[in-house]
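Below is one structure, written out as structure tokens; the observations come after it.
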Amino acid sequence: MERKDILMLKIDYQLVKRSTPVVFPKNLGFGNYFTDHIFEMDYNEQAGWHNPVIKPLSQMSMHPATMFIHYGQAIFEGLKAFYTGDDKPVIFRPERHFQRLNNSARRMCIPEIKIEDAVCALEELIAIEKEWIPRGEGEALYIRPFVFGVDPVLGVKPANNYKFLIILSPVGAYYPEGFKPIKILIQDDFVRAVRKGLGECKTPANYASSLLGTELAKKAGFTQVLWLDAVELKYIEEVGTMNIFVRFKDEIVTPQLTGGILPGVTRASVIDILKEWNMNVVERRLSLDELFEEYKKGNVLEVFGTGTAAIITVVGLLKYKDNTLMINDGESGEVALRLFDHITKLQRAAVEDTHNWLHYVPVKEEVLV
Ligand SMILES: *Cc1c(COP(=O)(O)O)cnc(C)c1O
């Protein structure tokens, strides 16, 4: 079928001629480089979402009173595209990510975007930018969709006008350690998010509240902070860019979603995979006391984080006040390694995609110029 017939959106294409081929910098790092084009769409109450366009990435000009800058009414997503072994561009679980974008939207009084429209916009953008998908181990094209209120008005209320944008960034490892185990500080001087607050949303406020605690942890030699529940400061919640799993002798525990935790797509995928492997994975509350007690008994075998950016990241050391927990001698454990291997293969269709998690991007021979 001609691609045009199934387009949900009538996208306006304003494409630049690229200096071919794309040349990747040596060390991609994370979030440092961007592709040539962005997708953009506007919202107002009369027209709903309208004016979808794919155009050259450029500076944005904004009124200084633009609402989200002052009141934080903004949401985002983070997902990835890859090349399969036979050179087809794929996106990992886009529908699920756009569903979560809409969950965030409802909590933030932001108008939802039809999932088919968002997926269509993303497919078109990826088809145009597919040369920007890197092929190195652990590399991917990171996709950042985001929505924010743009009315130039001071006063706390939801905006009437919004922008939905998608930008793309070729990335390597998220942490400076690469894929080596990281050290994490368990923090109780600050909290990231609170149940019934914004913890379940991917919204800038949660990252703003995590900055100071994380900066202090970095100064003390740690990579990240493990946040506790904001009410009792007793239960483990998450790392702020990734969800956390603890492998005990006879169960693998991840904190249950109580409202203060971002429901990670990688978290959900890992739970499904572990179940398929007949491992005893359990979502429940996990207190620091329990963690320390089990550690003393030698029952804490592995700790790892999960996230789109971090993939599977091993935690080699955890510190809380005077307690230092060295996990598996600071080395990667077998379940984390097996998960990393499986997920990175799955994302490139090197193992069978039994769940239909891969979304193949239809690519036209003729690029739309
Ligand atoms: C994005 C994010 C995660 C990971 O979610 P994925 O869907 O797996 O990428 C975990 N915690 C927070 C706070 C996040 O923003």
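Remember, it's 1-based here, ligands and their atoms both numbered in the order they're listed. Computed over heavy atoms, backbone and side chain alike; hydrogens, waters and symmetry mates excluded.
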Proximal ligand 1 atoms for [X], defined as those under 4.0 Å from one of its heavy atoms:
{"X": "G240", "value": "12 (C), 13 (C)"}
{"X": "M242", "value": "10 (C), 11 (N)"}
{"X": "H97", "value": "7 (O)"}
{"X": "R192", "value": "13 (C)"}
{"X": "G264", "value": "5 (O), 6 (P), 7 (O), 8 (O)"}
{"X": "V265", "value": "6 (P), 7 (O), 8 (O)"}

Provide, to 0.1 Å, the distance between [atom] and the closest protein heavy atom, together with that atom's residue and name.
{"atom": "atom 15 (O) of ligand 1", "value": "Y207 OH, 2.3 Å"}
{"atom": "atom 12 (C) of ligand 1", "value": "E238 OE1, 3.3 Å"}
{"atom": "atom 1 (C) of ligand 1", "value": "K202 NZ, 1.4 Å"}

Shortest non-hydrogen pair, L185 vs A217, comes out as CD2-CB, 3.8 Å

Contact summary for D151 and N161, nearest pair of heavy atoms:
OD1-N, 2.8 Å

Examine R348 relative to F82 and say whether NZ or CZ is less than 6.0 Å from the centre of the six-membered ring and inside a 45° cone about the ring axis.
no

Donor on one side chain, acceptor on other, H355 and E276, under 3.5 Å:
yes

Here the gap from M67 atom CE to L154 atom CG, rounded to the nearest 0.5 Å, amounts to 8.5 Å

Let's go through F68 and F146 carefully: what are the C-alpha distance in whole Å and the side-chain angles of both, what is the deciding distance for ring-ring contact (aromatic ring centres under 6.0 Å, His included) to 0.1 Å, and is it a yes or a no?
CA-CA 12 Å; F68 84 92; F146 55 114; 8.6 Å; no

Nearest option to atom 8 (O) of ligand 1, as decided by whichever heavy atom of T203, I261, N243, T266 sits closest
T266

Looking only at non-hydrogen atoms, which of T241, I311, L79, T308 approaches atom 3 (C) of ligand 1 most closely?
T241

Within-4.5 Å side-chain heavy-atom neighbours: T258 and Y235
no

Under the ring-ring contact (aromatic ring centres under 6.0 Å, His included) criterion, do Y142 and F30 qualify, and how do the steps go?
CA-CA 9 Å; Y142 185 77; F30 196 92; 4.9 Å; yes

